[in-house]
Chemist: 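First the structure, which I've put down as structure tokens, then a few questions once you've had a look.
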There are 2 protein chains.
Amino acid sequence: MKKTTIHDIARELNITFSTVAKALNDHPRIAAATKEAVREMAIKLNYQQNKLASSLRSGRTGIVGVLVPTLDVSFFSSVVHGIETVMNENGYNILLYQSKEIYEDEIRGVDTFLQTRVEGIISSVALSTKNYDHFIDLKKRKIPLLMFDRTVDEIGVPYVRIDDYGGGFMATEHLIKQGCKRIVHISTDQQVEIFKERLRGYKEALLKYGLPIDESLIFYGNLSIELGKNCIKKLVDEKVDFDGVFAFEDYTGLGALKELKDLKINVPEQVKVIAFANEAFGAHITPSMSTVDQQTVKMGEEAARLFLKLIKENKYYENAPEQIILDPILIQRESSQ
Amino acid sequence: MKKTTIHDIARELNITFSTVAKALNDHPRIAAATKEAVREMAIKLNYQQNKLASSLRSGRTGIVGVLVPTLDVSFFSSVVHGIETVMNENGYNILLYQSKEIYEDEIRGVDTFLQTRVEGIISSVALSTKNYDHFIDLKKRKIPLLMFDRTVDEIGVPYVRIDDYGGGFMATEHLIKQGCKRIVHISTDQQVEIFKERLRGYKEALLKYGLPIDESLIFYGNLSIELGKNCIKKLVDEKVDFDGVFAFEDYTGLGALKELKDLKINVPEQVKVIAFANEAFGAHITPSMSTVDQQTVKMGEEAARLFLKLIKENKYYENAPEQIILDPILIQRESSQ
DNA sequence: ATGAAAGCGCTAACAC
DNA sequence: GTGTTAGCGCTTTCAT
């Protein structure tokens with residue numbers, strides 16, 4: 001069963017294939033009756049336009065490559081959800097590639113997109129990537145590239161992320177306003193910009209409210225529930241005085257919360273806790289955990305919208321790269337009130 | 001800056017483009033030296049093969065369409081993660097489409113895939129879909145279709161899902177073994193096979209252990225936290241006696257848990273609760289919620305592997321549709337112990 | 001071992 | 001309002 005082409009439709013109707021093509025594309029100079037007949041026959045013959053041929057000829061594929069570390073982290077899948085939704089509304093389709101946080105796979109993804117002739121790429125960079133030539137190369141080839149969340153200034157392309165500094169500041173300020181004087185910050189030793197920014201926000205908030213920056217209250221480890229637990233254990237073991245905890249992300253905050261509960265330290269009465277990310281579980285645990293929301297779906301939607309706006313103007317790289325910084329949202333729950 | 005083609009490489013090397021094409025495709029009858037020269041020149045000129053042209057000519061795109069209700073639910077994003085991982089390892093790329101649970105969008109997705117000439121489609125059907133002609137049509141066109149999780153027997157294609165009946169049985173049996181005699185089941189009125197199967201498992205378990213099937217203990221509503229709350233409210237309002245709750249999915253189970261807590265009914269002492277899906281929050285709430293794990297990433301990987309196996313044999317629809325039924329895993333937590 | 005030539009299914013400029 | 005024609009950049013068969 002060969003697939004139906006415009007030639008098949010043309011033969012059935014005794015017209016030429018080029019008339020069929022124009023009719024299907026709603027060309028103005030084709031008679032209404034012809035269009036009608038062509039459309040009917042197209043349906044009758046189960047015609048489906050061959051986008052490969054159309055794209056090859058026209059130079060437009062209507063495909064955008066989305067390159068993310070993994071879909072198995074709700075942050076990324078939510079962003080991709082937002083991207084696909086907006087792109088789809090605007091007639092674009094998404095080719096998906098996961099880098100698995102591996103530099104070489106990221107390069108492979110970019111190459112695949114190039115070969116597929118995507119009209120642009122939306123990406124968040126892998127943690128292991130230190131060299132950005134594959135992204136800079138896209139810019140040289142004039143392929144629109146837009147980054148989100150894990151952005152890299154050196155690449156010099158438009159991007160969308162949240163204000164991690166502001167989020168860190170906001171979280172810390174919230175604890176201070178709730179009366180905390182000795183606030184612990186649990187961070188990470190991974191060299192990722194966004195986590196450093198949260199730390200910077202923490203420090204600035206302390207400064208602004210005249211509280212000392214006490215390095216013995218700042219911890220660095222690997223993102224995990226265990227990290228949160230261990231930090232609390234250590235603080236209590238060493239009889240360090242503290243009345244607030246700002247964890248750099250939710251799982252670490254959860255660990256802190258669990259350990260405090262195990263040690264019968266009341267939250268929020270004795271120690272107030274806030275984290276970062278607004279993962280699904282935070283609203284449902286006891287006590288519910290305060291956090292900072294990253295507007296993940298909106299980040300994807302905004303990324304798609306900015307991308308569409310810029311390619312429509314047809315001068316993607318001609319102006320200084322536009323950047324959207326989304327506001328983090330303070331989510332106040334039981335753990336900090 | 002026009003893109004480099006095999007003609008450009010041919011011109012530089014004073015050979016014909018057809019030799020270049022063969023060299024790049026590692027054709028056996030091309031001299032090693034020629035291949036080497038062609039490859040060098042390809043790199044020098046930043047050549048990237050145009051897959052549109054290649055696909056148009058060869059009839060192979062190397063693209064598989066993945067059609068899911070949404071990526072904003074961890075179940076689906078995990079499965080897609082598994083699918084992409086295995087497909088990528090085997091040289092295929094993923095075109096992504098979200099149906100948003102809307103029948104019309106599902107049809108649009110299938111049409112898009114058809115036009116893009118995907119080599120097959122992996123899909124989970126939208127809740128609002130009642131007519132499956134768009135899927136059956138794929139079969140008629142001999143486009144490989146593989147379904148996962150929300151499968152429909154009427155379509156008659158290979159699929160991967162978990163044993164929802166077994167999972168429902170397992171969950172109910174667990175409550176019975178924990179001493180429950182009057183077990184509520186909260187289900188849905190949506191006509192989805194997997195949910196009916198969980199209900200069937202519930203009933204069979206009751207039968208096996210000599211417990212009566214009491215229709216006043218079975219509820220039907222729309223998947224939501226509210227559904228769980230309302231059912232508990234109603235049971236208590238009407239003074240119905242019950243000591244166990246098996247919710248058909250985690251959010252409904254969470255609602256039940258919350259309402260029981262609000263009504264000061266102790267879990268698990270007075271009422272034991274188990275749900276289904278193993279969403280991330282279940283392990284971290286208080287009490288932690290027992291549930292049934294669906295092996296989401298594995299489901300995606302198995303779906304991809306089965307798909308690849310079947311298309312390799314080149315007789316996708318010639319045998320009775322192969323089916324893989326994964327085993328559900330009972331996750332015992334505080335809410336049912 | 002390389003080249004010549006046809007054609008995948010469409011778009012788009014140009015004729016009539 | 002419809003038809004003719006020339007490709008888009010490849011794969012693939014056949015010839016040399």
Side-chain angles (χ1 to χ4, degrees), chain A residues 1-39 41-42 45-63 91 111-112 114-119 141, chain B residues 1-39 41-42 45-63 91 111-112 114-119 141:
Chain A
M1 189 172 78
K2 282 269 302 85
K3 289 195 173 79
T4 306
T5 72
I6 48 176
H7 294 91
D8 299 321
I9 298 175
R11 195 181 329 106
E12 291 293 319
L13 297 174
N14 273 312
I15 53 181
T16 62
F17 75 96
S18 109
T19 304
V20 173
K22 283 174 197 144
L24 289 171
N25 290 322
D26 209 18
H27 189 106
R29 295 197 299 205
I30 296 291
T34 310
K35 285 182 185 173
E36 188 52 35
V38 167
R39 272 177 211 144
M41 188 56 70
L45 300 180
N46 287 314
Y47 173 75
Q48 289 282 5
Q49 185 197 45
N50 186 331
K51 281 200 181 178
L52 296 170
S54 157
S55 298
L56 175 61
R57 182 60 238 246
S58 69
R60 292 200 58 255
T61 55
I63 296 178
D111 276 348
T112 301
L114 247 21
Q115 295 173 354
T116 312
R117 300 297 193 257
V118 297
E119 294 185 27
R141 291 174 187 262
Chain B
M1 189 172 75
K2 281 271 299 88
K3 290 197 173 76
T4 306
T5 73
I6 48 176
H7 293 92
D8 300 320
I9 297 175
R11 197 179 330 105
E12 292 291 320
L13 297 173
N14 274 313
I15 52 179
T16 61
F17 74 97
S18 110
T19 303
V20 173
K22 282 174 197 145
L24 290 171
N25 290 324
D26 208 20
H27 188 105
R29 296 201 296 207
I30 295 292
T34 310
K35 284 183 186 173
E36 189 52 36
V38 167
R39 272 178 211 141
M41 187 56 70
L45 300 180
N46 287 314
Y47 174 74
Q48 290 282 5
Q49 185 196 45
N50 186 331
K51 281 200 180 178
L52 296 170
S54 152
S55 299
L56 176 61
R57 184 59 237 251
S58 70
R60 291 199 59 254
T61 55
I63 297 178
D111 277 346
T112 301
L114 248 21
Q115 294 174 354
T116 311
R117 300 297 192 256
V118 297
E119 292 184 30
R141 291 174 186 262

Chemist: Arg11(B): which residues meet the salt bridge (Lys or Arg N to Asp or Glu O under 4.0 Å) condition with it, sequence neighbours left out?
Modeler: Asp8(B)

Chemist: Taking side-chain contact (heavy atoms from CB on, under 4.5 Å) as the test, write out the residues that go with Glu119(B), two or more places apart.
Modeler: Arg60(B), Thr61(B), Tyr92(B)

Chemist: Take the protein atom CD1 of Ile9(A) and the nucleotide atom P of dG3(D), then report the distance between them rounded to whole Å.
Modeler: 14 Å

Chemist: Does Gln49(B) have any side-chain contact (heavy atoms from CB on, under 4.5 Å) partners at least two apart in sequence or in another chain, and if so, which?
Modeler: Asn25(B), Tyr47(B), Lys51(B), Ser54(B)

Chemist: Got a list of side-chain donor-acceptor pairs under 3.5 Å for residues 27-34 of chain B, not counting sequence neighbours?
Modeler:
none

Chemist: Can you check the Leu56(A) CG to dA6(D) P distance for me, whole Å?
Modeler: 18 Å

Chemist: Between His7(B) (NE2) and dC10(D) (P), how many Å, whole number?
Modeler: 8 Å

Chemist: List in numerical order all residues of residues 19-32 of chain A for which some heavy atom is under 4.0 Å away from an atom belonging to DNA chain D.
Modeler: Thr19(A), Lys22(A), Arg29(A), Ile30(A), Ala31(A)

Chemist: Nucleotide range of DNA chain C contacted by chain B, 5' to 3', under 4.0 Å to a heavy atom?
Modeler: dA1(C) to dG9(C)

Chemist: If you go through the side-chain atoms of Thr16(A), does one of them form a donor-acceptor pair with the base of dT2(D) closer than 3.5 Å?
Modeler: no

Chemist: Who pairs with Ala21(B) by side-chain contact (heavy atoms from CB on, under 4.5 Å), at least two apart in sequence or on another chain?
Modeler: Ile6(B)

Chemist: Under the salt bridge (Lys or Arg N to Asp or Glu O under 4.0 Å) rule, collect the residues that match up with Arg39(A), sequence neighbours excluded.
Modeler: Asp26(A)

Chemist: Taking atom CZ of Arg117(A) and atom CG of Asn50(B), what is their separation to the nearest 0.5 Å?
Modeler: 4.0 Å

Chemist: If I take atom CG from residue Leu56(A) and atom CG from residue Leu52(A), how far apart are they, to the nearest 0.5 angstrom?
Modeler: 8.5 Å

Chemist: Excluding sequence neighbours, so at least two apart, what forms side-chain hydrogen bond (donor to acceptor under 3.5 Å, both in side chains) with Thr16(A)?
Modeler: Thr19(A)

Chemist: For the helix from dA1(C)-dT16(D) to dC16(C)-dG1(D), figure out the bend between the end axes, five pairs an end, and round to 10 degrees.
Modeler: 40°

Chemist: Run the salt bridge (Lys or Arg N to Asp or Glu O under 4.0 Å) test against Lys22(B) and tell me which residues pass, sequence neighbours left out.
Modeler: none

Chemist: Thr34(A) side chain N/O closer than 4.0 Å to the phosphate oxygens (OP1, OP2) of dT2(D)?
Modeler: yes

Chemist: Name all residues meeting the side-chain hydrogen bond (donor to acceptor under 3.5 Å, both in side chains) criterion together with Thr112(B); count only those two or more places apart in sequence or in a different chain, and write none if there are none.
Modeler: none

Chemist: Reckon Ser18(B) touches a base, only the sugar-phosphate, or nothing at all at heavy-atom distances under 4.0 Å?
Modeler: base

Chemist: Looking at every strand, decide which applies to Ile15(A) at a 4.0 Å heavy-atom threshold: base, sugar-phosphate, or nothing.
Modeler: sugar-phosphate

